[in-house]
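See structure below.
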Amino acid sequence: MKTKTNIILVIIVVLLLVLFIFSKLHIERKFNNNTLIKEIDERKEFDSDEIIYNVPDKIKYEMVEYAKEEVYEKEFINTCINNNKNLSIEEIEAFTIYNNFIRDFSFSVNEMSRICNEIRKVNVNYVVKSDKKVSGTFYRDSTIKIYTSNVEDRLIAILGHEGFHAISNNINKNSIGLLDYDKGVGTKLNEGLTQLLTEEYFGDIRESVYYSEVLIVKMLLEIVEPKIMIESYINGNIDLLIDAILGIDSSVDRERIINFIRLIDDNQNNINRIIDEMDYYYMLSKGKHLKEDKLMNAYKLKLFNDFNKSVIGDIANIEVIKYYFDTTLINQNPSTIITTWKIEGVLRNGKIKVRADTEELK
């Protein structure tokens, strides 16, 4: 009787052990990274918060990495666009270009989620006007208004600029890109960076109304890494940019940086003070003045030339070719090219004789 009881106990233990092993294998299979990847691949619509937070902690890292590399970077824009039924074919074409922007920066899943949600909400309206000047405006309710006499004229570039405002819109921080409404600073800095991004990713090479602001941003990008500038921009958090400048030298005062940004907001009246402040931060960062660096001196002369044509004297124009964000452009143009056209005199027919001096900086 005792032997029979022992046999029964052994059988029960074995069954329990088998059940435990089977259960463990089932759980591991259920939460295996590949299984979850397949489930996400088969979903027509996804929510990034659900992807991150509704999985066990032990595989959260793998899922975040997968979401960045596979779901977001390859199908990100298409998925977001397909959830926005307000967009026309032309507007969809414009927004798909943001794939290249996403490709160049390792955004967090939360950042990607916010970008996607903004694209899902965007609605583009057109206002017909009589003159030929084309412009656009982004509103905090995710509406983009295009003012034009010809809907097809430069539509992609205008949508690109206003779309960058849309994807950098952060309602929680009361900001759009580098424009901080609570601090009351960053308007022109934000427009300069937005236009520079539009020029690189959307090929918008027009003579922009933000010409001087783009130059100021380019000068800042020689002091602060582009990645930090983009992180500050896409999160609507200008404090990240301020902290980066603070990190250059302990002697830098935070309020001085904020006042510097205020000067940029009113650059028409403060160009000399802006140049002085830029020189101060460049000296802290690189150990030399703007005039001692060929690229920064070229940017400075272009700025002066924009505000006061007589300052440069015999220099007719300066062209600088350098890219900061689009890796395709950077790889195609690894060197910085500075071309200076100098006025040599006036010909008998009244035309100005100009000489072009080109220099390549590695």
Side-chain angles (χ1 to χ4, degrees), residues 44-48 72 75-103 105 107 111-179 181 186-188 190-210 213-214 230 233-236 325-326:
K44 295 182 179 178
E45 181 178 348
F46 63 85
D47 187 318
S48 64
Y72 283 95
E75 302 295 335
F76 166 71
I77 293 296
N78 293 338
T79 306
C80 302
I81 290 175
N82 289 338
N83 281 277
N84 187 338
K85 305 305 180 184
N86 298 317
L87 301 178
S88 67
I89 294 175
E90 293 79 8
E91 291 156 6
I92 289 173
E93 179 184 348
F95 281 111
T96 55
I97 296 175
Y98 291 111
N99 272 316
N100 300 327
F101 176 62
I102 300 301
R103 170 203 66 200
F105 297 95
F107 295 119
E111 289 167 342
M112 298 291 242
S113 174
R114 190 172 60 252
I115 292 171
C116 184
N117 287 335
E118 289 301 326
I119 290 179
R120 286 173 173 173
K121 295 186 296 182
V122 166
N123 186 28
V124 184
N125 296 325
Y126 298 88
V127 179
V128 178
K129 61 178 187 176
S130 57
D131 62 68
K132 294 183 178 180
K133 186 177 180 181
V134 184
S135 61
T137 304
F138 172 72
Y139 296 89
R140 299 302 300 279
D141 65 354
S142 299
T143 298
I144 292 175
K145 282 190 177 181
I146 306 294
Y147 302 87
T148 180
S149 58
N150 180 1
V151 173
E152 295 180 358
D153 184 23
R154 293 189 57 258
L155 175 64
I156 300 296
I158 293 293
L159 281 173
H161 183 101
E162 302 309 327
F164 270 117
H165 285 320
I167 65 176
S168 61
N169 183 29
N170 193 327
I171 297 296
N172 293 333
K173 290 186 178 295
N174 196 24
S175 60
I176 301 177
L178 300 178
L179 169 57
Y181 286 100
T187 301
K188 293 295 183 69
N190 186 52
E191 291 295 351
L193 180 54
T194 300
Q195 182 56 31
L196 180 55
L197 288 167
T198 307
E199 290 175 4
E200 291 200 15
Y201 288 100
F202 288 82
D204 187 17
I205 56 174
R206 62 185 171 132
E207 189 72 12
S208 169
V209 293
Y210 300 117
E213 287 79 9
V214 169
I230 291 299
Y233 178 81
I234 208 67
N235 285 287
F325 303 111
D326 190 326

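All values below come from the heavy atoms of this structure, side chains included, with hydrogens, waters and symmetry mates left out. Nothing fancy with the numbering, it's 1 onward along the sequence.
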Test of understanding: with side-chain contact (heavy atoms from CB on, under 4.5 Å), list the residues that count as partners of [X], not counting sequence neighbours.
| X | result |
| --- | --- |
| N86 | N84, N123 |
| D141 | Y139, T143 |
| E93 | I156 |

Taking all non-hydrogen atoms of both residues, which atom of [X] and which atom of [Y] are closest, and how far apart?
| X | Y | answer |
| --- | --- | --- |
| G236 | S175 | O-OG, 2.6 Å |
| V122 | A166 | CG2-CB, 3.9 Å |
| I144 | G163 | CD1-N, 4.0 Å |

TODO: Give the intermediate values and the outcome of side chain to side chain donor-acceptor pair (under 3.5 Å) for residues H161 and E199.
DONE: CA-CA 9 Å; H161 183 101; E199 290 175 4; over 6 Å; no
With rounding to the nearest 0.5 angstrom, report the [atom1] to [atom2] distance, [X] to [Y].
| X | Y | atom1 | atom2 | answer |
| --- | --- | --- | --- | --- |
| I92 | I97 | CD1 | CD1 | 13.0 Å |
| L159 | S88 | CG | OG | 7.5 Å |
| F95 | C80 | CZ | SG | 11.0 Å |
| L196 | E213 | CG | CD | 12.0 Å |
| K173 | Y181 | NZ | OH | 15.5 Å |
| Y233 | N190 | OH | CG | 5.5 Å |

Open item on the list: Run the side chain to side chain contact (heavy atoms under 4.5 Å, CB included) test on R140 and H165 for me, step by step, so that the C-alpha distance in whole Å, both residues' side-chain angles and the decisive distance to 0.1 Å come before the verdict.
Closed with: CA-CA 9 Å; R140 299 302 300 279; H165 285 320; over 6 Å; no
- [ ] For F101, check ring-ring contact (aromatic ring centres under 6.0 Å, His included) against everything at least two apart and list the hits.
- [x]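 If we apply the ring-ring contact (aromatic ring centres under 6.0 Å, His included) test to F101, skipping adjacent residues, the hits are F105, F107, F164, Y201.
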Task: Results of ring-ring contact (aromatic ring centres under 6.0 Å, His included) for F325 - residues two or more places apart only - done: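 For F325 there are no ring-ring contact (aromatic ring centres under 6.0 Å, His included) partners, ignoring immediate neighbours.
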Task: Donor-acceptor contact present, side-chain Q195 to main-chain V214, <3.5 Å - done: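 Answer holds: no.
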TODO: Kindly indicate whether the side chain of T137, heavy atoms from C-beta on, has any atom under 4.5 Å from the side chain of Y147.
DONE: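 Yes. Closest side-chain heavy atoms under 4.5 Å.
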Task: Derivation and outcome, side chain to side chain contact (heavy atoms under 4.5 Å, CB included), residues D326 and R103 - done: CA-CA 9 Å; D326 190 326; R103 170 203 66 200; 3.0 Å; yes
Task: R114: which of I167, N235, N169, I119 passes side-chain contact (heavy atoms from CB on, under 4.5 Å) - done: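 It is N235, the one option of I167, N235, N169, I119 that forms the side-chain contact (heavy atoms from CB on, under 4.5 Å) with R114.
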Open item on the list: Going by the rule salt bridge (Lys or Arg N to Asp or Glu O under 4.0 Å), which residues pair with E118 if we only count those two or more places apart in sequence or in a different chain?
Closed with: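 Residues passing salt bridge (Lys or Arg N to Asp or Glu O under 4.0 Å) with E118: K121.
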